[in-house]
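Note that ligands are numbered from 1 as they come in the structure, with each ligand's atoms numbered from 1 the same way.
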Amino acid sequence: MRRSLTLIAAAATLGLTLAGCGGSGQAPAESAAPASEATGEVGVFTWWADGSEKAGLDALVDVFKTDYPNLTFDNLAVAGGAGSQAKSVLAAQLKAGTPPDSFQAHAGAELQDYIDADQLEDLTGFYTENKLTDQFPKDLIDRLTVDGKIYSVPSNIHRSNVVWANVKVLEKAGVDPAKPADSLEAWFADMDKIKASGKTPLAVAGTWTQTQLFENVLLSSLGVDGYNGLWNGQTDWKGAEVTKAIEAYKKTLSYTNSDRDSLSDWAPATQLVEDGAAAYNLMGDWAEAKFAQDGKKAGTDYSYFPMPGTAGVFNFLADSFTLPVGAPNPAGAKAWLSTIGSAEGQTAFNKVKGSIPANTTAKTDDFSEYQKSAIKDFSQDKIVSSLAHGAAVPVAWLNELSTAVSKFGGDGNVSALQDAAAATADKFAK
Ligand code: GAL
């Protein structure tokens, strides 16, 4: 199977050989985590603190406990989707020289930050010892490799450009759930009908969910090359195409709930769709996990489709786990990383998390229909890097751009957002 992966600021289109990624029928027998002499506590830092995200982490911890009964899992999760709170807490710990045993980071530019700051141990030997190298898509490994070394173990692959819809709300508004909009213009027309029916067309929450919506409007408006160019200097942030894209974002925002900034996180926005108060929510596919956890049925309660104008594109992100320099229990951390990398760990975790396994030998036979469709899409779509989830740009760039996007939510000033985004790109693009 050949795929194309376009990642990070380099945004190079690479030919990928990801045979079996996410579980093909011909996958070899599942790998188990190797034995370890390690004892004591393993402190693991994530932002999977509640709801379906915690359920995913718990499923992984269950496998860890079975793999390593001599180790105790210490849950150091800091709440806040997309690491909105966790990343600054982590940065302070790393700066103070008091790292956890392992922490969650996004594959791509975000991980590069930690590598550049010499905060991560080299895991190349760990990959060889655990025979992990061949179990992950070669080009995902390539993207995680810096100067011949690899510093983290990916636990999953998520997609950010998915719209989740309430089937009954659409039907009542006269919008056919079986025929999702395939362009922004068509989507706006559907959202006009929904507005007329008295419902909120599009649910969104605070800053990072707005940034995620922004990235997907940019992707829809500019296309794959135009979007990638925003991060590698090939697209002029000051150009007329970007102005049009920001205007489209402004229109998109006009369909959202006015209390968006007071919604604490992504789950309350997805909940509005579940409850039938809103028709749509643009959200990464951790939303699939919430629908499943809440007993909702795809097709009758909810439906999903790619962000209009982005069919055939997979806006990619992956959570990858590290061994920080100075970790209190490095042997315990390696045991944790072994569970994460193992096929059993990946199956248990991803089934509950809504994502798809990064380990190509993980079984996915009993995954949901959505997840099976994501596996298929990942095998054939063009892959781009998520802005809001650390794949496309370093944390400092993301933070500055998010501040401008958040301000725009209040003032709707297109040229101010465009100028701020252009200045930020000038500052950080290498
Ligand atoms: C992403 C993360 C996902 C999910 C999401 C919402 O950044 O990669 O695994 O946790 O945030 O919190």
Give a yes or no on whether Lys407 atom NZ has more than 12 heavy-atom contacts from other residues, nucleotides or ligands under 6.0 Å away.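 No, the 6.0 Å shell around NZ holds no more than 12 heavy atoms from other groups.
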Step through the shown structure and confirm whether more than 12 heavy atoms of other residues, nucleotides or ligands are within 6.0 Å of NZ on Lys372.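 It does: Lys372 NZ has more than 12 such atoms within range.
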With a cut-off of under 6.0 Å to the ring centre and 45° to the axis, is Lys251 in cation-pi contact with Phe188?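 Satisfied, under 6.0 Å and within 45°.
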My understanding is that we take every heavy atom of each candidate and find the minimum distance to atom 7 (O) of ligand 1. Doing that for His158, His106, Gln104, Glu110, which one comes out nearest?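 The nearest heavy atom belongs to His106.
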Which option out of Lys87, His389, Lys353 puts a heavy atom nearest to atom 3 (C) of ligand 1?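 Looking at heavy atoms only, Lys353 sits closest to atom 3 (C) of ligand 1.
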Sub-3.5 Å N/O-N/O distance, [X] and ligand 1:
X      : value
Trp208 : no
Asn156 : no
Ala82  : yes

Which residue and heavy atom of the protein sit nearest atom 2 (C) of ligand 1, plus the separation: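 Sorting protein heavy atoms by distance from atom 2 (C) of ligand 1 puts Asp319 OD1, 3.4 Å first.
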Quick test: of every protein heavy atom, which one is nearest to atom 6 (C) of ligand 1, and how far off is it to 0.1 Å?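 Its nearest protein heavy-atom neighbour is Glu53 OE2, 3.4 Å.
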Could you tell me which atoms of ligand 1, counted from 1 in the order shown, lie closer than 4.0 angstrom to a heavy atom of Gly81?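 Contacts of ligand 1 toward Gly81, numbered from 1: 12 (O).
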Which residues satisfy the side-chain contact (heavy atoms from CB on, under 4.5 Å) test with Ser373, sequence neighbours excluded?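 For Ser373 the side-chain contact (heavy atoms from CB on, under 4.5 Å) partners, ignoring immediate neighbours, are Tyr304, Tyr370.
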Nearest-0.5 Å distance, CG of residue Asn315 to OG of residue Ser220: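 Between Asn315 CG and Ser220 OG, I get 11.5 Å after rounding to 0.5 Å.
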A side-chain contact here means heavy atoms from C-beta on lying under 4.5 Å apart; do Tyr151 and Thr322 qualify?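 No. Closest side-chain heavy atoms not under 4.5 Å.
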According to ring-ring contact (aromatic ring centres under 6.0 Å, His included), does anything in residues 324-359 pair up with another residue at least two apart or in another chain? List the pairs.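 Residue pairs passing ring-ring contact (aromatic ring centres under 6.0 Å, His included), neighbours aside: Trp48-Phe349, Phe64-Trp336, Phe73-Trp336, Phe321-Trp336.
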Quick one: does ligand 1 sit under 4.0 Å from the side chain of Asp265, the backbone, both or neither, non-hydrogen atoms only?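 No part of Asp265 is near ligand 1 at this cut-off.
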